[in-house]
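Everything on this sheet refers to the single structure shown next.
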Amino acid sequence: MLPRSFEYVSPSTIEEAIELLGEYGEKAKLLAGGQSLIPLMKLRLASPQVVIDLNRIPGLSGIRESGNHVTIGSMTRHRDLERSAPLRAHYPLLGDAAAILADPLVRNRGTVGGSLAHADPASDWSTTFLALGAEVDLRGPKGSRRVPLDSFFRDSFSTALAPNELLTEVRLPKPAPHTGSGYAKLKRKTGDFATVAVAASLSVENGVAHHVHLGLGGVAPTPLRATHAEKVLEGKKPESAVLAETAQAAAAEARPTDDLRGSAEYKRAMVAVYTERALTRALERSHGRKS
Ligand SMILES: Cc1cc2nc3c(=O)[nH]c(=O)nc-3n(C[C@H](O)[C@H](O)[C@H](O)COP(=O)(O)OP(=O)(O)OC[C@H]3O[C@@H](n4cnc5c(N)ncnc54)[C@H](O)[C@@H]3O)c2cc1C
């Protein structure tokens, strides 16, 4: 199918894009990598009157290290996260995710901001960034506001973004010393969205787990922080019985539904299995780190 006809505009500054959003409101859609928007338009599940292309605005992409943070511009492509030296050094789980997100064609075009703004409950970036304590910067006519990612997702495909705002960047705090992270994704086939995904990050000091963060994907209306499960492990020695208890707590916190990828019961059981895998990977890496 072909999309309904639409007007195409290509602003050259963020301010111009925000002005256009203010002018057209809900009739407009921002275009980033187009990997979710264009298929929706072709299926006529989205029929914006105006498409505002972000691709010619300078300064929206790139990965920068500053002080205690690393920032990722919203127009940074998926493939750039796989290859970035600062990201590989501080957040190895992003490399895990980038290598198995969709396929090379999608990774070359799709963007971090598009992925978060689209708010698919199974998005790999949403799940992994939740485990890294990310915040997002949203820019509108009155300036920028910073929102923790765990309060950004409101419902399936729904976020805290106002119709006249765009997401400009993601901020990741640098991890504490001896931090490790890991990502475990169950999918039906290569290139598929997650049936169940778990991202884990923790630090180990004197044999005790701290800063435990768990992100779950594909098992609730939104990507989810498993905060109760995090508390089960926080401050304890990460022995196998404690990891198993944490995994069961994460499974209890998930809110999966039956769909083509599997029954709710199957997905809940897989949350436990994949939580243990992601935590085990994170623990291995925390021991491997020097600082
Ligand atoms: C075959 C296929 C397989 C895929 N598999 C996976 C997968 O395994 N895992 C995964 O995580 N994803 C997967 N995806 C989705 C892919 O990651 C998309 O790139 C992503 O969801 C959307 O990013 P985009 O840059 O293409 O955004 P677009 O499609 O351009 O936009 C998506 C939505 O976000 C809005 N938007 C875009 N940028 C901004 C911004 N800066 N501020 C505010 N709103 C904005 C748009 O208006 C639109 O509503 C897959 C896609 C395809 C086509």
Side-chain angles (χ1 to χ4, degrees), residues 3 6 8-11 14 17-18 20-21 24-43 45-57 59-61 72-82 94 96-130 136-140 144-145 147 152-153 156-170 183 185-197 199 215 217-218 222-223 261:
F6 57 88
Y8 170 86
V9 281
S10 178
I14 296 177
I18 291 168
L20 287 161
L21 282 175
Y24 294 106
E26 308 234 351
K27 293 179 193 154
K29 276 281 181 197
L30 296 170
L31 173 72
Q35 299 303 299
S36 296
L37 181 61
I38 302 292
L40 286 176
M41 287 172 65
K42 283 183 160 181
L43 292 166
L45 294 170
S47 296
Q49 285 181 22
V50 183
V51 169
I52 304 170
D53 189 349
L54 298 177
N55 284 274
R56 289 188 182 81
I57 300 179
L60 274 179
S61 71
I72 307 172
S74 63
M75 287 297 287
T76 310
R77 312 280 164 185
H78 302 327
R79 63 146 198 268
D80 296 324
L81 275 71
E82 195 177 352
L94 295 180
D96 298 345
I100 50 173
L101 188 158
D103 53 52
L105 291 177
V106 174
R107 295 204 287 271
N108 281 339
R109 289 302 304 163
T111 67
V112 166
S115 186
L116 297 180
H118 187 58
D120 190 304
S123 150
D124 291 298
W125 294 141
S126 305
T127 309
T128 49
F129 290 153
L130 276 176
V136 284
D137 279 2
L138 312 182
R139 178 103 63 102
S144 281
R145 62 189 177 112
V147 178
F152 176 69
F153 301 111
S156 297
F157 305 102
S158 169
T159 70
L161 273 162
N164 60 356
E165 284 181 320
L166 64 92
L167 194 159
T168 50
E169 69 183 24
V170 182
Y183 188 53
K185 174 176 174 179
L186 169 66
K187 51 191 176 0
R188 294 173 303 179
K189 59 184 174 59
T190 298
D192 198 11
F193 277 94
T195 301
V196 167
T222 64
R261 290 189 166 84

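In this text the structure is predicted, and so the values were computed from the model without any measurement. Only this structure's heavy atoms are used, side chains among them; waters, hydrogens and symmetry mates stay out. One is the number of the first residue; the rest follow in order along the sequence. In listed order, ligands and their atoms are each counted from 1.
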For atom 52 (C) of ligand 1, closest protein heavy-atom neighbour: V106 CG2, 3.7 Å
P39 near ligand 1 by a heavy-atom separation under 4.0 Å: no
Sub-3.5 Å N/O-N/O distance, L101 and ligand 1: no
Test of proximity, I100 against ligand 1: N or O pairs below 3.5 Å: no
N or O pair under 3.5 Å between A117 and ligand 1: no
Name of the residue among T111, L94, V170, D120 meeting side chain to side chain contact (heavy atoms under 4.5 Å, CB included) with W125: L94
Heavy atom of the protein closest to atom 46 (C) of ligand 1 (residue, atom name, distance): L30 O, 2.9 Å
N or O pair under 3.5 Å between G110 and ligand 1: no
Taking atom 38 (N) of ligand 1 as the reference point, the nearest protein heavy atom with its distance: A32 CB, 3.4 Å
contact_flag K185 ligand 1 heavy-atom lt 4.0 Å: yes
T111 N/O under 3.5 Å from ligand 1 N/O: yes
Option of least heavy-atom distance to atom 26 (O) of ligand 1 (set: K29, R109, K187, Q35): Q35
Non-hydrogen atom of R107 closer than 4.0 Å to ligand 1: no
N/O separation below 3.5 Å, S36 to ligand 1: yes
